[in-house]
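Hydrogens, waters and symmetry mates play no part in the numbers below; they use all other heavy atoms, side chains included. Every chain is numbered from 1, with letters handed out A, B, ... down the list of sequences.
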Amino acid sequence: MSNPTNDNANAAAPAPSDFIRDIVAKHVAEKKYPRIHTRFPPEPNGYLHIGHAKSICLNFGIAREFGGVCNLRMDDTNPTKEDIEYVESIQADVNWLIAGWAEKELGLNSQSAIGNRQSAIPQPFYASDYFDQIHDFAVALIKKGKAFVCDLTPDETDEYRRNAKESPFRNRSVAENLDWFTRMKAGEFSDGARVLRAKIDVASPNIWLRDPLLYRIKHAEHHQTGGKWCIYPMYDFAHCLSDYIEGITHSICTLEFEVHRPLYDWILENLDLPRALPHQYEFARLSVGYTVMSKRKLMELVTEKLVTGWDDPRMPTISGIRRRGVTPEALRNFAYNIGITKYNGLTDVAVLEFAIREDLNKNALRRLAVLRPIKVVLTNVPAGKTEELDAVNNPGDESAGKRQITFSRELYIERDDFAEVPPPKFFRLKPGGEVRLKYAYIIKCDEVVKDAAGNVTELHCTADLDSKTGGATAGRKVKGTIHWVSAAHAIDAEVRLYDRLFTEAEPDKDGRDFKSVLNAKSLEVLTAKCEPSLKDAKPELRYQFERLAYFALDKDSAPGKLVFNRTITLKDAWAKEAQKS
RNA sequence: UGCCCGAUGGUGUAACGGUAGCACAGCAGACUCUGAAUCUGUUUGUCAUGGUUCAAAUCCAUGUCGGGCAACCA
């Protein structure tokens, strides 16, 4: 078994274990199946979110750990709600999340029946590829007297099912049913006029066994099959059969499908299928604090322009999280840390944030950048004189190397790093006080320059010219070290400071309108002063602006125009300390 | 209301009849040219009541609370 959490693992992390993996392990030990085969089956009616990421990691993780395969399958049985845009985004998101981790486990769809899908990138499976076979299974069920065409209206069907009453069309002859179903398929009837139903047990305590619908009429163009069909299989009918057709062994879904399981089994067991049948297992979906997860709600945020799009970095979508700068490794570690159970809990965002910081701390390149600048003039440094100083790219990873930063008489430091009237335990710059400039000198604040309104506009300081890193008095202990950039050399960058989208941990608690608790300060845009090396920032790399936060280059960047997204702040013990007083 | 499922510190999880552990969060301290990271210590828990057993978080019963389903959605 390979290591699940760290791809370039040094410390051996324990293999994940949960009740589903326990079942799979048992089946492997029993040699119940020739090969473990899972699947991730999203409906292409929205963008994937972090809850889907949990499912992807579970399904691909199991395939990885047990030498199996996992198919990506579009569960596209309802053309009126689905769109090719979603198909494409889903594919991109899944490929991104499993890249370098479970690529080898991704099932390849080499026999796509429909369309011309030859391509370098792996193609997903489609339930719609099986519409012919699923239709034939429906006919088989009719022939066995286990399905019938029902003419009841939707309202009547509802009422009959609620009252455990048999449909008056339940006992039509096989020949009659075959004829009606053929005519349904031929397009003779309007939407809703007739349906195909399984004949199971109208009195079952489980609603899903009360002669459930198998096929409905929808005169709608399908994004994959075009105008070929005007009848489409329902989820329950299509899903178990798609699983069977693909040779799935473990069909893992969320808890709300638990009551459907008897129907899943009934359909497969009543078709005299020759191969081993797949089985369904359910786990709890993910809820994370300070966000919403339902596709409907996310869709609302997008269509009402409360965010900039599905990939807005504040969204819990995979594309939003990616754009924010989170790496697939971080997301996978998060998925691993939260585990798999049948308990519907609320995961603390701190768990997600920890996984993101842990990963970024290891990999991000350190840079100096000032978000809210205030000018510092070093009065004992000659104007025009510059110095190149060594700065390490990652203190935890020597192989990340060093770069040089330019030092000069006029600098910018963070406005928050100076306090005219310092609060208790303030380690930074204050009048008459000393502070270390990272990688450079210790400076002392001699004079505070203010404008007519009394705002601090400039600080005049002197540098201890022997205190340079490596110099004679470099060892002098100064309580604080702050970041800085040379005013003349700094480059501007737009920085987008993202915060949580909602002000409440449970935005939709007790039926409250989730949009009433949107965080008005979830985005703040600033122009930062950055060290010059950042002009070469690359979208695939991550940066830590020291003492502030982790950042990633946004896709809105252009030559000469840098845009950085704040992925997540550093932990800030000072903010906590300052809050106490 | 019927049916199904669940309940372990603040949160998420482990323990599979035999010492309630881990992670996050919190708190305290050490270290620090990032108030980050790292390191050390630490507070807090088996829903309730019965039963079975030498022994129960674990098995059984009842109750309580929570979630899901009752779409021609998935």
- Task: For atom CZ of A:R285, decide whether the heavy atoms of other residues, nucleotides or ligands shown that lie under 6.0 angstrom number more than 12.
- Result: no
- Task: Would you mind pulling out the nucleotide paired to B:U58, Watson-Crick or G-U wobble, both distances under 3.5 Å?
- Result: none
- Message: Does A:H260 contact B:A74 through a side-chain donor or acceptor facing the base, at a distance under 3.5 Å?
- Response: yes
- Query: Looking at A:K576, does any N or O in its side chain come under 4.0 Å of the phosphate oxygens OP1/OP2 on B:G26?
  - Reply: yes
- Message: Can you tell me which nucleotide in B:G10, B:U34, B:C69 comes closest to the side chain of A:D348?
- Response: B:G10
- Can a side chain N or O of A:R210 be found less than 4.0 Å away from OP1 or OP2 on B:C69? no
- Partner nucleotide, any strand, of B:U52 [Watson-Crick/G-U, under 3.5 Å]: none
- How are the rings of A:Y235 and A:H260 set to each other: parallel, tilted or perpendicular (split at 30° and 60°)? perpendicular
- Query: With a 4.5 Å limit on heavy-atom distance, are the side chains of A:L368 and A:Y439 in contact?
  - Reply: yes
- A:K571 near the nucleic acid: base, sugar-phosphate alone, or nothing, with a heavy-atom cut-off under 4.0 Å? sugar-phosphate
- Message: Between C1' on B:U34 and NZ on A:K479, what's the gap in Å once rounded to a whole number?
- Response: 14 Å
- Message: As a test of reading the structure: which of B:C69, B:G10, B:C72 is closest to the side chain of A:V195, going by heavy atoms?
- Response: B:C72
- pair_partner(B:C31), Watson-Crick or wobble, both distances < 3.5 Å, evaluates to none
- Message: Can you tell me if A:R357 touches the phosphate of B:A36, counting only side-chain N or O atoms and a distance under 4.0 Å to OP1 or OP2?
- Response: no
- Is the ring centre of A:Y235 under 5.5 Å from the base ring centre of B:A74, and are the two planes under 30° apart, so that they stack? no
- Given B:A70, B:G68, B:C72, which nucleotide is nearest the side-chain atoms of A:M234? B:C72
- Message: Return the pairing partner of B:C3 with a 3.5 Å limit on both distances, Watson-Crick or G-U wobble; otherwise return none.
- Response: B:G68
- Query: Out of B:G35, B:A70, B:A25, which nucleotide sits closest to the side chain of A:I207?
  - Reply: B:A70
- Query: A:R162 has an atom CZ; how far is it from atom C1' of B:A70, in whole Å?
  - Reply: 8 Å
- Here the distance between atom P of B:C69 and atom CD of A:Q280, to the nearest Å, is 14 Å
- A:Y290 six-ring face occupied by A:R500 cation (under 6.0 Å, within 45°): yes
- Query: Within this structure, what is the NZ-to-P distance between A:K81 and B:A74, rounded to whole angstrom?
  - Reply: 8 Å
- Query: Quick one: which of B:U8, B:U11, B:C33 gets closest to the side chain of A:Y343?
  - Reply: B:U8
- Message: I'd like to know if A:R428 reaches the base of B:G35 with its side chain, counting only an N/O donor and acceptor under 3.5 Å.
- Response: yes
- Answer yes or no: does a side-chain N or O of A:T157 lie under 4.0 Å from OP1 or OP2 of B:C72? no
- Message: Taking ring-ring contact (aromatic ring centres under 6.0 Å, His included) as the criterion, tell me which of A:W180, A:F181, A:Y215 meets it with A:F189.
- Response: A:W180
- Within 45° cone of A:Y232 ring axis and under 6.0 Å: A:K218 NZ or CZ: no
- Query: Using a cut-off of less than 4.0 Å, is there contact between a side-chain N or O of A:T77 and OP1 or OP2 of B:A74?
  - Reply: yes
- Starting from C1' on B:G12, measure out to CD1 on A:I50 and report it in whole angstrom. 14 Å
- Query: Can you find a donor-acceptor N/O pair under 3.5 angstrom joining the side chain of A:D22 to the base of B:C16?
  - Reply: yes
- Provide the Watson-Crick or G-U wobble partner of B:C24, both distances under 3.5 Å; none if there is no partner. B:G10
- Message: With a cut-off of less than 4.0 Å, is there a side-chain N or O of A:K477 near OP1 or OP2 of B:C33?
- Response: yes
- Query: Any sub-3.5 Å donor-acceptor pair from A:R39's side-chain atoms to A:I252's backbone N or O?
  - Reply: yes
- Determine the contact category for A:G396: base if any of its heavy atoms lies under 4.0 Å from a base atom, sugar-phosphate if only primed atoms, P, OP1 or OP2 are that close, otherwise nothing. nothing
